[in-house]
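Quick notes on the structure that follows.
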Amino acid sequence: MNVRRSAAALAALGVLAAAAPATAADASPSASPKVTVPAGLYGRTDPTYDGVWRQSLALLAQRTVGYRPAASAVDWLTGQQCAEGGFAAFRADTAKPCGGKDGAQPDTNSTAAAVQALQALGGHDTEIRKALVWLSSQQNKDGGWGYTPGSPSDTNSTGVVAGAYAGAGQDPAELRLGGKSPYDLLAKWSLPCDGDAAGALPYQPDKKGKLTANADATAAAVLGALGKGLAAGAGKAPEQGYVCANSGKPLTPAKVANNASAYLADALDGDGHLKSALPGAKDQPDYGNTADAVVALAADGWTRSAKKPYAWLEKNAAKWAEQSGPAAYAELVFAAHAMGDDPRDFGGTDLVRALNATGPAPQAASPAHARTKSAEDDSHTGVWWIVGVGLVAGIGIGFLLSGRKKKARS
């Protein structure tokens, strides 16, 4: 299943996140919204569990293909930010403070996705700085992040947060608590080369510390280890061959990604797609996780291995996206982008038109959209200059340090 998009809903139901796959992870838990869908938000289903996530993916996908998202859509996203900097899945009443007994609870996945979207949009350094400071305060002593404050680290959350920092110009290797970085955690959880799950990663260890391969977590680990975000482009082919987790040799982030990509390639080699099933139900195609795996493989340079699952998505995934909404369309846009394909002709479906139709109309694509690398570098430098000045001036530093010291003592 797609853990990032389902964790909050499953937690609310008291279900272990890695135990109950979903075929349409971006769909609302109910057909009829329990709350009024706000103006500016993409999608028409209940945003309680995925409002910020689906909005962030929609805006990021639009920007990736050259559109300037509507101001009302961007304002809705920035208006969801909590005073401390994090983002909750959805704040029905933004006048009510986050946290506490009745307030919306910020989470790392919504926050990291929002950071990636705002970074792509440009002009939101203040919001990004606040979000990154909040994320810093949520890092666990093992170097990773959990879904909610105080929860154990998981691979999906660690991967998407690492991608957010990398996109803002911060090397995830420098994000250390207790001497551990997110790369240390990913290397620790990389399964050894013996067995069918060689190179895979778990969502998180079970109560006994056992590591069980999880395809979506493995895809998230690839992007996190590479320091790439949700809308990653194709990378260069890596050096082939394993450096096993139990070989006694250093397991670098690049090797973690390479081993994980090899696992994904093997998992997709048969039917060309990943599968999921509810307990007691028949296996079903997992469109979202397959799209995530395509992005991960392409980002790591395994484009040849990604061709078969991408072709399967082109043939089969349009109906799933229509039923599931804007985040699903965005995932397919990311897959097309990673493969260097045109999302406007995705197996006969114009993914961009379909995505744009789920919310406020963006401004038309411009040939001048593409930014130069130097411009991107300037943007990253600007964000981190603001972070540095803000911390030196005392803006957020008390919150940042107190949170990290508290975790270090626990």
Side-chain angles (χ1 to χ4, degrees), residues 60-61 63-66 116 119-120 155 158-160 162-174 181-183 186-187 190 193 198-201 215-245 247 249-269 272 290-311 313-314 331-343 369-380:
L60 181 58
R63 200 70 186 119
T64 298
V65 296
Q116 294 191 39
Q119 180 65 30
T155 300
T158 300
V160 73
Y165 275 101
Q170 173 69 26
D171 183 357
E174 298 175 357
S181 78
Y183 291 155
L186 296 178
S190 180
C193 292
L201 282 90
D216 191 48
T218 301
V222 171
L223 294 181
L226 294 174
K228 295 187 177 182
L230 298 167
K236 295 181 180 179
E239 295 181 5
Q240 298 301 307
Y242 283 113
V243 171
C244 295
S247 67
K249 298 179 181 180
L251 193 60
T252 66
K255 287 299 183 182
V256 170
N258 194 39
N259 294 352
S261 294
Y263 167 81
L264 290 174
D266 288 343
L268 290 161
D269 188 50
T290 301
D292 290 349
V294 167
V295 174
L297 286 170
D300 197 26
W302 290 61
T303 50
R304 181 176 298 179
S305 297
K307 287 182 178 179
K308 184 174 182 178
Y310 182 72
L313 288 170
E314 280 194 294
E331 285 184 280
L332 297 181
V333 169
F334 297 152
H337 170 70
M339 294 297 290
D341 200 11
D342 185 358
H369 159 70
R371 295 183 298 171
T372 64
K373 178 172 174 55
S374 62
E376 291 178 350
D377 290 343
D378 288 344
S379 175
H380 294 162

Do [X] and [Y] have side chains that approach each other closer than 4.5 Å (heavy atoms only, starting at C-beta)?
X	Y	value
Tyr183	Asp171	yes
Thr64	Phe334	yes
Val65	His337	no
Val295	Leu230	no
Lys308	Leu268	no

Subject >> Test side-chain hydrogen bond (donor to acceptor under 3.5 Å, both in side chains) applied to Ser261 - qualifying residues, sequence neighbours left out >> reply: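 Counting only residues at least two positions away or on another chain, Ser261 forms a side-chain hydrogen bond (donor to acceptor under 3.5 Å, both in side chains) with Asp300.
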Original post:
Considering residues at least two apart in sequence or located in another chain, which fulfil the side-chain hydrogen bond (donor to acceptor under 3.5 Å, both in side chains) criterion with Ser181?
Top reply: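 Scan of Ser181 (side-chain hydrogen bond (donor to acceptor under 3.5 Å, both in side chains), adjacent residues dropped) gives Asp184.
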Where do [X] and [Y] come nearest, in terms of heavy atoms and distance?
X	Y	answer
Ala335	Val294	CB-CG1, 4.1 Å
Ala338	Ala232	CB-O, 3.6 Å
Pro309	Thr290	CB-CG2, 4.0 Å
Ala257	Val222	O-CG2, 3.9 Å
Leu186	Ala221	CD1-O, 4.0 Å
Gln116	Ala164	NE2-N, 3.7 Å

Original post:
Can you name the one residue among Thr155, Leu201, Asn259 that meets side-chain contact (heavy atoms from CB on, under 4.5 Å) with Thr218?
Top reply: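 Result: among Thr155, Leu201, Asn259, Leu201 is the only option passing the side-chain contact (heavy atoms from CB on, under 4.5 Å) with Thr218.
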Original post:
Measuring from Leu332:CG to Asp341:CG, what's the distance to the nearest 0.5 Å?
Top reply: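 The distance works out to 11.5 Å.
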Original post:
From Leu223 CG over to Thr158 OG1, what is the distance, rounded to the nearest 0.5 angstrom?
Top reply: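 If we round to the nearest 0.5 Å, Leu223:CG and Thr158:OG1 are 13.0 Å apart.
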